[in-house]
4 protein chains.
Amino acid sequence: MGLDPGRRSIGARRNPDSADAILDAAEAVLVEAGYSGFSIEAVARRARAGKPTIYRWWPSKAALLFDVYQRLKRVDHPDTGNLEDDLVGFLKSLFSHWRETSSGSIFRSLIAEAQSDATVAAVLAEYTKGRHAHTGQMVERAKARGEVAADVDATLVADLVASFAWTHLLTNRLDADETTLRRAVGYVLKGIEADGSVDPAAVRRGRRRVIGRVTG
Amino acid sequence: MGLDPGRRSIGARRNPDSADAILDAAEAVLVEAGYSGFSIEAVARRARAGKPTIYRWWPSKAALLFDVYQRLKRVDHPDTGNLEDDLVGFLKSLFSHWRETSSGSIFRSLIAEAQSDATVAAVLAEYTKGRHAHTGQMVERAKARGEVAADVDATLVADLVASFAWTHLLTNRLDADETTLRRAVGYVLKGIEADGSVDPAAVRRGRRRVIGRVTG
Amino acid sequence: MGLDPGRRSIGARRNPDSADAILDAAEAVLVEAGYSGFSIEAVARRARAGKPTIYRWWPSKAALLFDVYQRLKRVDHPDTGNLEDDLVGFLKSLFSHWRETSSGSIFRSLIAEAQSDATVAAVLAEYTKGRHAHTGQMVERAKARGEVAADVDATLVADLVASFAWTHLLTNRLDADETTLRRAVGYVLKGIEADGSVDPAAVRRGRRRVIGRVTG
Amino acid sequence: MGLDPGRRSIGARRNPDSADAILDAAEAVLVEAGYSGFSIEAVARRARAGKPTIYRWWPSKAALLFDVYQRLKRVDHPDTGNLEDDLVGFLKSLFSHWRETSSGSIFRSLIAEAQSDATVAAVLAEYTKGRHAHTGQMVERAKARGEVAADVDATLVADLVASFAWTHLLTNRLDADETTLRRAVGYVLKGIEADGSVDPAAVRRGRRRVIGRVTG
DNA sequence: TGCTAATCGAGACGGTACGTCTAGTCTTTTT
DNA sequence: AAAAAGACTAGACGTACCGTCTCGATTAGCA
């Protein structure tokens, strides 16, 4: 861990060991004590760092959280050649990433922090926008393949999907199974109206229930 | 406001004036100082109430927030006889309610609070579940009318729609115009696939089977 | 003890059971929790009485302490026919009374209380004056027997002896053995005994009154 | 007063300005509001100091009182070459010191505090012991001069004299005139002189007039 | 090589809020 | 009329953090 007791200044420039020790400590504190126990004071104690050292490099609690999150965040947007699988795969990997690393706790904390700190909110908004654009590319690829209507707002679709993920994170429902994720994605992709025509469950069972507008 | 300086005990039972003054003060503090400035101490000061009086009736900051929210929350689930209009109307009224009253700030704060306090998280989860069930009834009505496939998971649809609302609240995007809301609802209702008619299984097998609007 | 759970009002007059229960509880609280844990609140809880009931009959914490003390205080001023034995006996019985009942704690508390409450101080002063007069009677009896010079200030002697007792109480030194008490009394006595020989007043007037054992 | 608004940390060590401001404030609060109005909160307000700064250096209310008292306490034990004058002088200077500075209030408070806090009691006991030893030296000097019998317990004499002072402090009787003090001291002294028969006035003149047990 | 400047751990500082405790007052209900 | 019950405002308790500050030590890079 970053508990290097003899860590000192390395001269008139940032000591990367300190930065690492602080990020390590921040993650550890968050995991062990939760967001409510996460304080600059606790991180400094854990990292054997002076508080000013933290404040020098991270202006706020959230900035620190953000860096910790960035260090962990590696969610790929798969390209299976099929939008449903892309989206389900994205949600699955995001959920499991949030569940199995500390990144879930961190991101929750970040969202919470944004509710009381406007600058954090701005940063989070910016970040979210970027992520939506990124996720939206899966939809754009589907458009290019002709899977999806050309006038569909890819960012809005990304927003719908990401929103679903966010709220499940925020309400401790990251244990959703693949069936539920696939069903949710299916609703966005194919709709739920009676003559939207495909029953996803039926489809999965290998049968089709044609419901409407079928003639002859 | 509730700044009744002469408020006293009314005997060995709860004084509703005090309760009101505290809820009023809580709302005012939240509006004026934001979630970061929202403290029991500040509420007590504003309400001219003793802290123990607050703690006697609300075990936590969140419990107080919750009551303040409940006092304001009046979002109806319209019954227009048409699911799209129902859902768009629901989102519109929810967004404007959050935008135009303090309930938006309060609910954001509540979600934030839930991230650091497990009991709040539990209460919020319970509440959310109830709201989803309620919203899901719009879908159930549509099912009954035959608008929506019988095996659609109404709660999941409600989840999708509510998630969209939550994230817009949490990221300061309550200014979404009706067009955007209608489009988002439309995606869930009708799907986004090119002609609403792709058999995903087929796609998964690399082929496309046109299933709808098939003539002859 | 006074923990009668079903005690009720007995109508439009003071309920002696309540008074007793309160005094019992006050004593018990003082013994169990010490002066720092002694509060009207705690006494009310212990006595299963309402705080107003206590305040109705005892205007202050000290008034209650005083009554509790009075209930216990039974220190006799022995008359052995010899002043030294009288005073030593008095101190012995006072020390053991303070040591072996709760009255020591109570009186200490009373003195402490008097330091922050002027009305208590006044009551205590009055009480002390009365006790000194009482104790002084032992000296007066000795005067009558000719043991002590006629112009000795009996109250001042009582003051000296009582002061010794007070400070030993206040500094947890009630374990003084009889030898010490007798020695202390002895120091005071030999100066006032009829043949202790010098009349201080006379000395101050520049004259000497030889009192005893002078020959030639 | 100590109302230095810009007082700040001077690095990772105690700021003597803060300490002074706090001691000043403590004394002022005690003088102005009395012991009942003396709270750490009030001292912090008065000193413009944070409560934790006070608690960092003084573990309890009493520790603070003690330091304030120590700052003021300058009672000399005079050496007039005559024990009576030494003791009367000591009492006179102690009484006037207690009367004319705030040290009287402070010491009273300290004694009161000791009645509810065992650690304070211990400190006070230690302090008292030290003072008695100190005062006892006046008696020891008198022994060396042959004024006092060799087997007299100097500490016990000091105890008797100090007890008299304490109780007068605790019962608002610091207005005792010199005659009373001299009489009280006289009572104790005449009993401890070498043969119970010295004329103090004569001693003061440097001569000893044997008055008792004189033969032929 | 010696000086300057930035960085480090450390921890004190003035503050604010926490959640609990007690003070003393008040009113209703019960006897 | 008095007791029980318990709510009320008020404010102190001692603790945890906040974000800022100053210190003395350390070391890179410039002179």
Side-chain angles (χ1 to χ4, degrees), chain A residues 4-15 17-18 37-42 44-45 47-57 59-61, chain B residues 5-15 17-18 37-42 44-45 47-57 59-61, chain C residues 5-15 17-18 37-42 44 47-57 59-61, chain D residues 4-15 17-18 37-42 44 47-57 59-61:
Chain A
D4 178 3
R7 191 161 14 87
R8 286 283 174 280
S9 166
I10 55 167
R13 68 197 199 286
R14 184 173 192 175
N15 184 342
D17 289 349
S18 286
F38 182 79
S39 66
I40 296 291
E41 196 104 16
R45 253 195 315 269
R48 284 197 160 289
K51 279 199 289 176
T53 304
I54 299 182
Y55 281 108
R56 186 168 0 252
W57 302 113
S60 71
K61 198 189 283 204
Chain B
R7 195 163 8 91
R8 284 283 174 282
S9 166
I10 56 167
R13 68 195 199 284
R14 185 173 193 174
N15 185 342
D17 290 348
S18 286
F38 181 79
S39 67
I40 298 289
E41 196 106 16
R45 258 197 309 271
R48 282 198 158 291
K51 277 199 289 177
T53 302
I54 299 182
Y55 282 106
R56 183 164 12 247
W57 302 112
S60 70
K61 199 188 284 203
Chain C
R7 191 161 15 85
R8 284 284 174 278
S9 167
I10 56 166
R13 66 195 195 283
R14 183 174 189 176
N15 185 340
D17 288 350
S18 286
F38 181 79
S39 66
I40 297 291
E41 195 104 15
R48 289 195 157 290
K51 280 197 289 176
T53 304
I54 298 182
Y55 280 108
R56 185 168 0 257
W57 302 110
S60 70
K61 196 189 286 205
Chain D
D4 179 2
R7 197 165 3 94
R8 285 281 175 281
S9 166
I10 56 166
R13 67 193 198 286
R14 186 173 193 173
N15 185 342
D17 289 349
S18 287
F38 182 79
S39 66
I40 297 291
E41 197 109 14
R48 285 197 159 294
K51 276 200 289 176
T53 301
I54 299 182
Y55 281 107
R56 184 163 11 248
W57 302 112
S60 70
K61 200 187 282 205

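Chain letters run A, B, ... following the sequence lines, proteins first and then strands; every chain starts at 1.
At the phosphate of F:dA3, neither OP1 nor OP2 sits under 4.0 Å from any side-chain N or O atom of C:Thr53. Contact check, A:Ser18 against E:dG9: a side-chain N or O comes under 4.0 Å of OP1 or OP2.
Residues passing the side chain to side chain contact (heavy atoms under 4.5 Å, CB included) test with C:Lys61 are C:Phe38, C:Glu113, sequence neighbours excluded. With sequence neighbours excluded, the residues satisfying side chain to side chain contact (heavy atoms under 4.5 Å, CB included) with B:Arg13 are B:Ile10. Residues satisfying the side chain to side chain contact (heavy atoms under 4.5 Å, CB included) criterion with D:Ser9, sequence neighbours excluded, are absent altogether.
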I'd like to compare against my own output: the B/S/- annotation of nucleotides 20-26 of chain E with a strict under-4.0 Å heavy-atom distance to protein. BBBBBBB
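Rounded to an integer number of Å, the gap from CG of A:Asn15 to P of F:dA28 is 11 Å. Separating the CD1 atom of D:Ile54 from the C1' atom of E:dC13 is a distance of 12 Å, rounded to the nearest angstrom. A straight line from CZ of A:Arg7 to P of E:dT7 spans 16 Å, rounded to a whole angstrom. Remark: P of F:dC21 and CZ of D:Arg13 are 16 Å apart, rounded to the nearest angstrom.
Among all heavy-atom pairs drawn from D:Ala42 and D:Gly37, the shortest one is CB-O, 4.1 Å. Nearest approach of D:Arg8 to D:Asn15, heavy atoms of both residues: O-ND2, 2.7 Å. Considering all non-hydrogen atoms of both residues, C:Ala44 and C:Gly50 come closest at CB-C, 4.4 Å.
Two residues, D:Arg56 and A:Trp57, neighbour DNA chain E, and the one matched to the more 5' nucleotide by heavy-atom proximity is A:Trp57.
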